[in-house]
Amino acid sequence: MDGSDQVAVRQDKLLRMREEGLDPFLTNWDQAHVSTEAIGLLPEDEEQGPEVSVAGRIVAFRLMGKASFLKILDRSGKIQSYVRRDEIGEDQYASFKKLDLGDFIGIRGPLFRTKTGEVTIRAKEYKLVSKALRPLPEKWHGLTDNEQIYRQRYLDLIVNDDSRNRFRGRSQIIREIREFFWSRDFLEVETPMLQAVSGGAAARPFRTHFNALDCDFSMRIALELHLKRLLVGGFDRVFEVGRVFRNEGLSRRHNPEFTMLEAYQAYSDYRGMMELTQSLIQHVADKAIGSLTIERTEGEPIELAGQWREAKYKDLIIDAVGQEDWFNLEKNEKLKKCKEMGIEVDPELEDFEVTNDVFEKVIEHTLIQPTFVTHIPRELCPLAKITESDPSTLDVFELCINGQEIAPAYSEQNDPDVQREAFMIQSGEETQELDEDFLTALEHGMPPAGGMGMGIDRLVIFLTNAANIRDTILFPTLRPS
RNA sequence: GGGUCGGUAGCUCAAUCGGUAGAGCAGUGGCCUUUUAAGCCAUUGGUUCCGGGUUCGAGUCCCGGCCGGCCUACCA
């Protein structure tokens with residue numbers, strides 16, 4: 001037997017175990033402790049500790065003649081074990097030496113401290129509980145090939161500590177989002193992902209077919225219209241965390257399926273949502289990340305403490321273009337100005353879209369510190385209430401952090417006639433389907449409410465300082481291999 | 001979709017002007033009872049992403065394809 005095929009070598013080991021009547025895939029082991037918990041059982045000033053029983057995957061293996069060190073990885077982290085031939089016996093040590101990196105084993109024994117100070121289990125007993133037939137990626141560099149990281153995420157999670165910690169962080173973030181809303185008496189609900197009409201956002205949906213009813217369905221593109229039906233139904237504080245699907249391109253900031261949080265609170269408005277959103281993110285950063293100051297790979301850290309900046313959309317635009325009368329200019333003059341500023345703008349765009357291009361291309365990426373952008377032009381959102389003092393703008397904000405839109409919030413439109421009219425204007429654009437059933441619901445009366453939506457993946461990007469949305473999604477969408 | 005860069009051993013990476021495909025880790029055999037990317041000696045392992053072409057000769061040059069990264073486009 002040579003080392004030419006590592007899988008064959010391992011299969012051969014497995015075969016030999018079975019010939020000896022040993023089961024390489026046990027049904028169980030008493031995982032009485034996880035590694036970090038076990039480490040905590042040996043007080044700082046002591047050399048010997050209690051007996052523990054742990055289990056995990058072998059991720060480091062240092063064999064010496066008659067004694068060995070190994071590290072196992074479990075859900076909480078890693079712990080080292082020390083295995084001596086004179087303690088577990090000659091036969092046991094011989095089979096121990098045949099274990100491979102990647103195998104799952106159980107270990108039982110007392111804790112002690114090595115001469116370098118590391119808390120270690122002195123094995124009295126070990127057992128192979130599950131054999132690994134394929135080798136692990138290289139131990140020092142880990143797995144760096146992006147494609148393999150995404151397609152075989154389990155390998156990434158085994159060998160890349162950063163990645164493992166980031167996904168733990170994501171889970172904590174979502175847990176704390178729930179805690180926050182529960183503490184404010186919101187009801188968590190689930191609404192349909194399969195919809196006859198997908199509305200609530202201007203995005204192309206994924207289409208599918210329901211055989212039993214012989215009709216076409218779409219995957220949802222937003223949670224909004226169903227959550228508002230629940231406001232009509234009397235659940236006057238609701239939230240949902242769930243997947244939405246948009247049939248659009250992939251990018252560093254876009255995955256076709258992503259996780260959205262939406263929350264609606266009756267008898268509140270966009271100002272109330274501002275307080276809620278800021279408190280939510282501060283709560284999550286504090287509890288899940290442990291700090292309100294978020295370091296970034298480059299540039300100044302993001303400071304989440306205190307009261308966040310508010311800025312009017314128009315002021316930001318005027319400031320960016322350096323021209324007080326921007327909103328009085330003809331479209332052609334705006335296009336000309338854009339060209340001077342070196343911004344490429346499609347001349348076919350509507351007037352307000354040209355302005356919004358300036359926002360997206362010049363301003364958005366500069367908003368690193370949390371900023372509520374308010375008084376957004378009414379054309380940009382058909383589901384919000386119009387500002388009383390300025391009918392050209394809406395009672396909404398768009399929260400930008402880390403140079404990205406993170407969360408829009410509105411004083412929600414609850415006048416069915418105004419809502420229908422706004423929908424009709426947009427329905428020509430094909431991206432927003434008219435949802436008659438939703439309008440019927442509004443006609444039954446919806447309490448005034450503030451609503452907020454947040455892209456969880458983007459929140460996780462900046463809270464965990466990830467480079468890419470794909471580093472925050474366990475199994476990002478890829479072309480089938 | 002467009003531009004651009006890449007795909008070499010299980011993993012991380014080399015390979016000069018087109019001239020015998022290499023190293024580290026992992027594996028295999030041996031030595032080694034407190035190691036920390038353990039160490040020392042020996043050693044196995046290749047459809048160089050796939051298919052064509054140019055050439056005496058292609059990992060390297062050309063054409064096409066597949067997959068991916070980045071940028072861009074689409075994107076409330």
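Order of the sequence lines sets the chain letters (A, B, ...), proteins ahead of strands, with each chain counted from 1. What you see below is based on every heavy atom in this structure, not just the backbone, and it leaves out hydrogens, waters and symmetry mates.
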Kindly check if the number of other-residue, nucleotide or ligand heavy atoms within 6.0 Å of CD (A:Glu47) is above 12? yes

Nearest to side-chain heavy atoms of A:Glu138, which nucleotide of B:C25, B:C75, B:U34: B:C25

With rounding to whole Å, what would you report as the distance between B:U20 and B:U48 at their P atoms? 15 Å

Using the C1' atom as the point on both nucleotides, what is the distance between B:C11 and B:A73, in whole Å? 36 Å

Go through the structure and list residues passing ring pair (Phe, Tyr, Trp, His ring centres under 6.0 Å) with A:Phe372, not counting sequence neighbours. A:Trp308, A:Phe397

So, OP1 or OP2 of B:C13: does either fall under 4.0 Å of a side-chain N or O from A:Thr144? yes

Is the NZ atom of A:Lys314 crowded by more than 12 outside heavy atoms at less than 6.0 Å? yes

May I ask you to verify if any side-chain N or O of A:Lys66 is less than 4.0 angstrom from the OP1 or OP2 atom of B:U33? yes

Complementary nucleotide for B:G22 - Watson-Crick or wobble, under 3.5 Å: B:C13

Taking the P atom of each, how far is B:A42 from B:C25, in whole Å? 13 Å

Whole Å only: how far is the CG atom of A:Leu250 from the C1' atom of B:U72? 13 Å

note: A:Asp145, atom CG; B:C25, atom C1'; distance rounded to Å ~ 17 Å

Any strand: nucleotide that pairs with B:G6 via Watson-Crick or wobble, under 3.5 Å: B:C67

Looking at B:C11, I'd like to know if its phosphate oxygens (OP1 or OP2) sit under 4.0 Å from a side-chain N or O belonging to A:Lys139. no

From CA spacing to verdict: side chain to side chain donor-acceptor pair (under 3.5 Å), A:Tyr93, A:Ser68: CA-CA 9 Å; A:Tyr93 196 73; A:Ser68 304; 2.7 Å; yes

Give a yes or no on whether A:Arg378 atom CZ has more than 12 heavy-atom contacts from other residues, nucleotides or ligands under 6.0 Å away. no

N/O (side chain, A:Arg62) to phosphate O (OP1/OP2, B:U35) under 4.0 Å: no

Verify side chain to side chain donor-acceptor pair (under 3.5 Å) between A:Thr114 and A:Thr120, making sure each step is shown before the conclusion. CA-CA 7 Å; A:Thr114 64; A:Thr120 302; 4.7 Å; no

Quick one, which residues of residues 403-418 of chain A touch RNA chain B with a heavy atom under 4.0 Å? A:Glu405

Can you say whether a donor on the side chain of A:His141 sits under 3.5 Å from an acceptor on the base of B:C11, or the other way round? no

How would you list, by chain and number, every residue that makes a side chain to side chain donor-acceptor pair (under 3.5 Å) with A:Trp326, sequence neighbours excluded? A:Thr355

Would you tell me whether A:Ser130 and A:Arg57 have side-chain atoms, one donor and one acceptor, within less than 3.5 Å of each other? no

Atom pair distance, as rounded to whole Å: CE in A:Met64 and P in B:C40: 15 Å

To the nearest angstrom, how far is A:Ile58 atom CD1 from B:G27 atom C1'? 15 Å

Mind running side chain to side chain donor-acceptor pair (under 3.5 Å) on A:Asp415 and A:Gln419 for me, showing each step along the way? CA-CA 6 Å; A:Asp415 179 329; A:Gln419 182 65 87; over 6 Å; no

Taking CD1 from A:Ile158 and P from B:C25, how many angstroms apart are they, rounded to a whole number? 22 Å

Spacing between A:Leu155 atom CG and B:U12 atom P, to the nearest angstrom: 10 Å

Regarding A:Asn356, tell me which of base, sugar-phosphate or nothing describes its non-hydrogen contacts under 4.0 Å with the strands shown. nothing

Check the pair A:Thr464 / A:Arg166 against side chain to side chain donor-acceptor pair (under 3.5 Å), numbers first and verdict last. CA-CA 6 Å; A:Thr464 64; A:Arg166 197 178 323 109; 4.6 Å; no

So, for A:Tyr126 and A:Phe96, is the gap between ring centers shorter than 6.0 Å? yes

To the nearest angstrom, how far is A:Gln6 atom CD from B:G45 atom C1'? 9 Å

Answer for the Watson-Crick or wobble partner of B:G45, both distances under 3.5 Å, is none

Contact list for RNA chain B against residues 90-111 of chain A - heavy-atom distance below 4.0 Å: A:Leu101

Can a side chain N or O of A:Arg252 be found less than 4.0 Å away from OP1 or OP2 on B:C71? yes

A:Pro137 vs A:Leu478, nearer the 5' end of RNA chain B by closest nucleotide: A:Pro137

Under 4.0 angstrom between A:Arg479 side-chain N/O and B:G68 OP1 or OP2: yes

Let's test this: given Watson-Crick or G-U wobble pairing with both distances under 3.5 Å, identify the partner of B:A73. none

Any side-chain N or O of A:Arg246 under 4.0 Å from OP1/OP2 of B:C74? no

Between B:C74 and B:G1 - P atom distance, rounded Å: 16 Å

N or O in side chain of A:Asn146 less than 4.0 angstrom from B:C70 OP1/OP2: no

Does the base of B:U33 carry an N or O that pairs as donor and acceptor with the side chain of A:Asp86 under 3.5 Å? yes

Test the A:Lys131-A:Phe104 pair against the cation-pi criterion, namely NZ or CZ under 6.0 angstrom from the six-membered ring centroid and within 45° of the ring axis. no

Measuring from A:His141:NE2 to A:Asn160:CG, what's the distance to the nearest 0.5 Å? 12.0 Å

A:Tyr82: ring pair (Phe, Tyr, Trp, His ring centres under 6.0 Å) partners, not counting sequence neighbours: A:Phe69, A:Phe112

Spacing of the C1' atoms in B:C56 and B:C61 (rounded, Å): 16 Å

Heavy-atom contacts under 4.0 Å between residues 451-465 of chain A and RNA chain B, which residues? none

